[in-house]
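Have a look at the structure below, then the notes.
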Amino acid sequence: MAKPETPKTAITPTRAQDYAEWYQQVVRAADLAENSPVRGCMVIKPWGYAIWENIQRELDTMFKETGHKNAYFPLLIPKSFLEKEAAHVDGFAKECAVVTHHRLVAGPNGGLIPDPKAELEEPLIIRPTSETIIGAAFASWVQSYRDLPLLINQWANVMRWELRTRLFLRTAEFLWQEGHTAHSTEAEAREETMKMLGVYTTFAEEYMATPVIYGPKTAAERFPGAVDTFCIEAMMQDRKALQDGTSHFLGQNFSRASGIEFQTKEETRELAWTTSWGVSTRLIGSLIMTHSDDDGLVLPPRLAPAHVVLLPVFRGDESKPAVMEYINALAKELRQQRFGERRVEVEIDARDLRGGDKQWEWIKKGIPLRVEVGPRDVEANAVMVARRDRGPKEKAAMPRADFVGSIVSILNDMQSGMFQKALAYRNEHTKPIDDKREFDAFFTPKSKVEDKAEIHGGFALSHWCGDPTCEAHVKDSLKVTIRCVPQGGYAGAPWADRVEEQGACVVCGKSSPQRVVFAKSY
RNA sequence: CGGGGCGUAGCGCAGUCUGGUAGCGCACCUGGUUCGGGACCAGGGGGUCGGAGGUUCGAAUCCUCUCGCCCCGACCA
């Protein structure tokens, strides 16, 4: 009996059929994470966590190279701390988990209830972000201008009681890093803000193979309590924008709230200027939606948990020892190669599974290279190499020495190929638009099916007068927001020289100094 | 939190209207034939039908209340 309908793709539905469902299926097929019994919280599985560890390692190196030190602050924040900065309260109050008791007792109907006698005098908030608790520490650390700048980073989990969650993109608890710095001058704090935005841009482009547009947010999109928020924005394959990272210039708002004061050389007392900046496990969602295809995950080699899987092919048990010996030796040779700051990471999959199943499993997990080794290869001193950026059936025989000698350049080639592909896609779907009707049409799906609109839109480079009313109008009518006022990240794009043109606001027609990025977003 | 949909084996589903004591495909295990490949034959294991109450001789099925997930909206890294 022949299989009735062999699907042409490993992931069902495809991106074009149902992008949101495709995303979920890729996460599952690649074994990255799953929903946990805890509302809105995910279990990050080994393959997914390994990606996060790679993100962490590379970023951590970059933070340290720019002078930052890691530290750790409490998970719980006294409610009164959060109340210190008015805008901050407004931004986060609605999504805070609150700890009110410190003991459980047996309840009337069995089970446990919080002990009424053990209610906390002051509730504690599970940190949604740590500006206030770190601010309190900074206040006691900083006395003199000689104590500045203070350059701290924290790797931590935070919790925001999100109403609608999606694995990696928005979970109630997520992992991130938050940099917090304090400076003696505004100029220096602003410089720090931009420096870290630059670090994120470099990381996105060189490690995630993701082109990003960077620049300031509008006031409406600003971090609660910040003077200026800057971001890096990437385009997903459904052409929606995803913010990959943010860097905030906090002015003196938080130092005023937390009392971060220092004595200057001139013996005056001044408030420090602070910044904060962060990226989260959301980056993994970004990776998935930027690069993956209808056969599953595609990983940039620089962040892949492993670069190559060796798949032994046996013809009966008698060939097994020779093949395994060959594979083990090959693995050793490969691991001696260095790819970037890491060695070449090799998986050996000798599980007693059918070859086809194994191949597809690794395709779905997005490993960059699959290498088959069978008796014929042992005899010919060769390998069969398949690349994740090519078709699933496409493979090529290579002399073993050539493969070992060229694996690093193959991985580099894949890495840059992925960036170029993502860049071409983003540039293609970024359009200068001046006419309001064209703008509306750009963001309106053509299909009449309400719940499953086709992939449409992209980044509209349009003029905005700066009036929040015009911004709100676009948001209300089209669900489109201003992602950022572009300052860079688009050199060489066909439309690059049109960004800084003067023009007329696409909503009201008043004059505008430059184009901004409008898009639907995650 | 508002609107819609859905919770039945690891995954995908049927059965629910018209209560009668749980089934299909894939996955998993065993044996065999295959196999540089998303096999085939035979046999087998696995489910308190999301949870709690209720109606009934009898509930996956009817009623009430809950919890969770997905999609759309508001909010957001």
Side-chain angles (χ1 to χ4, degrees), chain A residues 1-10 12 18-21 23-25 28-29 31 34-42 90-95 109-111 128-129 158-178 200 217 221-224 229 231-233 242-248 276-286 295 311-316 319 323 352-364 370-378 382-384 386 392-393 395 397 449-453 475-476 479 481 521-522:
Chain A
M1 189 178 78
K3 220 172 183 167
E5 280 164 74
T6 307
K8 290 192 184 72
T9 59
T12 321
D18 185 345
Y19 194 82
E21 179 62 20
Y23 174 82
Q24 308 265 122
Q25 294 304 325
R28 201 173 55 158
D31 209 25
E34 61 192 22
N35 281 307
S36 77
V38 186
R39 202 204 97 102
C41 296
M42 63 179 163
D90 281 353
F92 287 108
K94 298 184 291 294
E95 49 185 38
N109 309 314
T129 178
V158 288
M159 175 158 273
R160 297 178 188 177
W161 208 263
E162 299 291 350
L163 301 174
R164 199 176 143 202
T165 59
R166 294 180 78 184
L167 290 173
F168 291 116
L169 294 175
R170 181 171 299 104
T171 46
E173 181 189 12
F174 57 95
L175 306 182
W176 78 345
Q177 59 67 218
E178 43 182 328
Y200 288 154
K217 287 282 192 199
E221 302 284 326
R222 207 173 276 155
F223 175 76
T229 287
C231 64
I232 56 174
E233 293 283 332
L242 187 127
Q243 179 177 303
D244 273 344
T246 49
S247 185
H248 313 292
S276 70
W277 27 273
V279 300
S280 72
T281 36
R282 176 180 245 202
L283 288 181
I284 296 174
S286 177
D295 286 327
L311 303 160
V313 178
F314 306 131
R315 285 199 157 284
S319 60
V323 170
D352 182 20
L353 280 182
R354 299 190 49 73
D357 293 337
K358 242 194 243 189
Q359 289 275 359
W360 281 103
E361 209 175 285
W362 288 105
I363 290 170
K364 287 185 277 194
R370 308 184 302 282
V371 171
E372 292 171 26
V373 175
R376 289 209 297 263
D377 304 299
V378 174
V383 291
M384 273 291 199
K393 307 277 184 193
K395 56 187 176 181
V449 191
E450 294 100 19
D451 46 335
K452 290 283 176 282
K475 184 173 180 177
D476 295 341
K479 291 174 236 158
T481 50
S521 77
Y522 279 94

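Letters go in sequence order (proteins before strands), and every chain restarts at 1.
- Nucleic acid contact for T246(A): none, since no nucleic acid atom lies under 4.0 Å from a heavy atom of the residue.
- Rounded to whole Å, atom P of C29(B) lies 9 Å from atom CG of D352(A).
- Among the protein residues, F92(A) comes within range of no part of the nucleic acid, since none of its heavy atoms lies under 4.0 Å from any strand.
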Between protein and nucleotides 66-69 of chain B, what N or O pairs are separated by less than 3.5 Å?
{"residue": "C69(B)", "atom": "OP1", "partner": "G40(A)", "partner atom": "N", "Å": "3.0"}

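- In this structure, the salt bridge (charged side-chain N to carboxylate O under 4.0 Å, His left out) partners of D31(A), at least two apart in sequence or on a different chain, are K45(A).
- Atom C1' of A42(B) sits at a distance of 32 Å from the matching atom of U48(B), rounded to the whole Å.
- Listed by chain and residue number, nothing satisfies the salt bridge (charged side-chain N to carboxylate O under 4.0 Å, His left out) test with K364(A) (two or more places apart in sequence, or in another chain).
- The P375(A) side chain lies nearest to G36(B) when the options are A77(B), G36(B), C72(B).
- A close approach under 4.0 Å does occur between a side-chain nitrogen or oxygen of K475(A) and OP1 or OP2 of C75(B).
- Of the candidates C71(B), G36(B), C75(B), the closest approach to any side-chain atom of A20(A) belongs to C71(B).
- Contacts of K395(A) with the nucleic acid, taken as non-hydrogen atoms under 4.0 Å apart, include base atoms.
- Checking G36(B), A74(B), C75(B) against every side-chain atom of V313(A), the shortest atom distance belongs to G36(B).
- Counting heavy atoms from C-beta on, the side chains of T281(A) and L175(A) come closer than 4.5 Å.
- Among the atoms of the strands shown, none is found under 4.0 Å from any heavy atom of G278(A).
- Listed by chain and residue number, R483(A) satisfy the salt bridge (charged side-chain N to carboxylate O under 4.0 Å, His left out) test with E221(A) (two or more places apart in sequence, or in another chain).
- A77(B) has no base stacking with the ring of W176(A) when judged by centroids under 5.5 angstrom apart and an interplanar angle below 30°.
- Residue R28(A) is in sugar-phosphate contact alone, with no base atom involved, counting any heavy-atom pair closer than 4.0 Å across all strands shown.
- Contact annotation for E162(A): base contact, defined as any heavy-atom pair under 4.0 Å involving a base atom.
- Using a 4.0 Å heavy-atom criterion, one finds that P392(A) contacts no nucleic acid atom at all.
- When the C1' atom is compared between G12(B) and U8(B), the two are found 12 Å apart, to the nearest whole Å.
- Among C71(B), A77(B), G38(B), the nucleotide with an atom closest to any side-chain atom of S280(A) is A77(B).
- Every residue two or more places apart in sequence or in another chain that forms a salt bridge (charged side-chain N to carboxylate O under 4.0 Å, His left out) with E361(A) is listed here: R351(A).
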Cut-off 3.5 Å, no hydrogens considered: what does the side-chain donor-acceptor table look like for residues 34-41 of chain A, sequence neighbours left out?
{"residue": "S36(A)", "atom": "OG", "partner": "V38(A)", "partner atom": "N", "Å": "3.0"}
{"residue": "S36(A)", "atom": "OG", "partner": "V38(A)", "partner atom": "O", "Å": "3.2"}
{"residue": "S36(A)", "atom": "OG", "partner": "C41(A)", "partner atom": "O", "Å": "2.7"}
{"residue": "R39(A)", "atom": "NH2", "partner": "E162(A)", "partner atom": "O", "Å": "2.7"}

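- For R354(A), a side-chain nitrogen or oxygen approaches OP1 or OP2 of A39(B) to under 4.0 Å.
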